[in-house]
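I am attaching a structure below and will ask some questions about it afterwards.
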2 protein chains.
Amino acid sequence: MEAQLNLLSLREQVYTYLRKQMNLGVLLPGSTINIGKIAKQLGISKTPLRDALIHLEIEGFVTILPRRGVRVNIFELQNVKHAYNAIGMVEASVVMDCFDKIESSHILKLEELNERMISAIEKNIFERLFTTNLQFHDVYLDISDNELLKKFILPIKYRLYDFPRQNYISEWEKRNCKEHERFINFLKQGNPKKAATVLKDTHWSFEYQENFIKKFYNM
Amino acid sequence: MEAQLNLLSLREQVYTYLRKQMNLGVLLPGSTINIGKIAKQLGISKTPLRDALIHLEIEGFVTILPRRGVRVNIFELQNVKHAYNAIGMVEASVVMDCFDKIESSHILKLEELNERMISAIEKNIFERLFTTNLQFHDVYLDISDNELLKKFILPIKYRLYDFPRQNYISEWEKRNCKEHERFINFLKQGNPKKAATVLKDTHWSFEYQENFIKKFYNM
DNA sequence: GACAGATATCTGATATATCAGGTATCAGAT
DNA sequence: ATCTGATACCTGATATATCAGATATCTGTC
């Protein structure tokens, strides 16, 4: 059974498409999106495109300038800093609040995902790295039943991922995985505070990661 | 010059109108919004109404059920708990991160706003209480240049405000202002950690505020 | 040349028409 | 009585047409 039902609305498909275009560097920060043109290119009406753009605007990807155009938001060092700060804050907080719900199955999952990341980095296979990294962090994020938190940082993580960047930096990714390891070890030791600190002050610390961030985003 | 230029787009006006309808209990949680009917009532086309609803959906106020209707999201104790938790987390974090930027002018502003709230509560004038309370918290939130944080919690605060509730509870509001005072005092003493703790573990602690919350929202 | 007003063009915003998926109801077969 | 398929209706989704604000360009006056 190879048939796939296309269950996504046009609006959702356009949202994903535009995100992808930003990820591929086709829609660059600061550039304008012409609703009429894109709709024609995609062979659709302006309506679902507008719907998708409203969604993207609320999530911070674009700014709709009424009757003037749609601008892809610039993404500069300050934005990265804010993103890192917000993510670190939420993730550290979740670890502190949910530590007593973390079980050995979660630890195993964390270790498995981190191993998968390390393996991919050594083979210079980066296609799935972002996704696996998301899954890694989601292991503990999903323990929190406060869906507001994840809903807050996920678009921010996508923003970090979807904006133009250089190639992946092996050295940085390896270091990130080392930080994952340290995080896991503190969890295993029953020390949520130290684990949270790894997230907040190292892994998601803009200051700590600044040099690699600048290289990665060519800033 | 009494003329006011209507600079808001229809979409924005509809967004505000719908928020107000929820606030007034006209649009109750769990109820459905019929796009065709509302558009007719408002004398507008469905388009700006749809636009506004997309916005409201992303912020958590409604759920658009494709081709079936639009539902006002229910708002139960669990949602309040998550809201309080998220706000407390962000506000405490901002205080810790930005403490060195808090000046005496900020303290004065905090005291003035809290006085204004106390005065209004004593006179049983609650119309502006939410707004003044927002301003109070915004004094230190605005110090952070991370616009992601405020952008995250503001719709959550509006959700807390916009859903059906009982009359304001003087006793609770007075207690809230007392907590504000304690918060201010810790700031004055140069103790950001204690100040942040007031926010996280008292003022925005669901557990601490649970009884009043239940009364306020009749849950 | 500078400025102001008129006009043209651009592009998103809104209105209207039509479509399409979801649900309810009906009719026929077992 | 139950089940299945057909049909009708509902309602948001999408397409198309038109509008309206923003900007660029042109023209006339000083």
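We name chains A, B, ... by the order of the sequence lines, and we start the count at 1 in each one.
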* Can you tell me how far P of dT23(D) sits from CZ of Arg71(A), to the nearest Å? -> 11 Å

* Grab the CD-C1' distance between Gln13(A) and dA13(D) for me, whole Å please. => 13 Å

* List in chain and number order the residues that pass salt bridge (Lys or Arg N to Asp or Glu O under 4.0 Å) with Asp142(B), two or more places apart in sequence or in another chain; answer none if no residue qualifies. => Lys150(B)

* Structure fact -> DNA chain D nearest-nucleotide lookup for Asn34(B) and Leu10(A): closer to the 5′ end is Asn34(B)

* Structure fact -> The complete set of ring-ring contact (aromatic ring centres under 6.0 Å, His included) pairs with one or both residues in residues 87-115 of chain B, sequence neighbours excluded, reads none

* Please tell me which of the listed nucleotides, dT14(D), dT14(C), dT11(D), lies nearest to the side chain of Arg11(A)? => dT14(D)

* Structure fact -> Output row for DNA chain C, stems defined as at least 3 consecutive Watson-Crick or G-U pairs under 3.5 Å, is C:1-30 with D:1-30

* Output all residues satisfying side chain to side chain contact (heavy atoms under 4.5 Å, CB included) with Lys157(A), sequence neighbours left out; order by chain, then residue number. => Ile87(A), Glu91(A), Leu134(A), His137(A), Leu141(A), Ile153(A), Trp204(A)

* Is there a residue in residues 36-54 of chain A whose heavy atoms reach under 4.0 Å of DNA chain C, and which residues are they? -> Gly36(A), Lys46(A), Arg50(A)

* For Glu207(B), does the CD atom sit with more than 12 other heavy atoms under 6.0 Å from it, leaving out its own atoms? -> yes

Please write out the pairs of protein N or O atoms and N or O atoms of nucleotides 23-26 of chain C separated by less than 3.5 Å, giving the distance to one decimal.
from: dT23(C); atom 1: OP1; to: Arg68(B); atom 2: NH1; distance (Å): 3.1

* Distance, rounded to the nearest Å, where Ile35(B) contributes CD1 and dT14(C) contributes P -> 15 Å

* **Residue pairs fulfilling side-chain hydrogen bond (donor to acceptor under 3.5 Å, both in side chains) with at least one residue in residues 209-219 of chain B, sequence neighbours excluded** => Trp172(B)-Gln209(B), Arg175(B)-Gln209(B), Glu179(B)-Gln209(B), Glu210(B)-Lys214(B)

* Asked: Is the distance between the ring centroids of Phe61(A) and Tyr158(A) less than 6.0 Å?
  -> no

* **Residue Arg67(B), side-chain heavy atoms: nucleotide from dG12(D), dT11(C), dA15(D) that is nearest** => dG12(D)

* Structure fact -> With sequence neighbours left out, the residues meeting salt bridge (Lys or Arg N to Asp or Glu O under 4.0 Å) with Glu59(A) are none

* Give the rounded distance in Å between these two atoms: CG of Leu8(A) and P of dG21(C). => 13 Å

* Excluding sequence neighbours, so at least two apart, what forms side chain to side chain contact (heavy atoms under 4.5 Å, CB included) with Glu112(B)? -> Lys109(B), Arg116(B)

* d(CD1, Ile64(B); P, dG22(C)) in whole Å -> 16 Å

* Structure fact -> side chain to side chain contact (heavy atoms under 4.5 Å, CB included) filter on Ile58(B), not counting sequence neighbours, yields His55(A), Ile58(A), Ile54(B)

* Residue pairs passing the side-chain hydrogen bond (donor to acceptor under 3.5 Å, both in side chains) test where at least one lies in residues 23-32 of chain B, sequence neighbours excluded -> Asn23(B)-Asp162(B)

* Structure fact -> Sorted by chain and residue number, the side chain to side chain contact (heavy atoms under 4.5 Å, CB included) partners of Asn85(A) (sequence neighbours excluded) come out as Asp97(B), Asn146(B), Leu149(B)

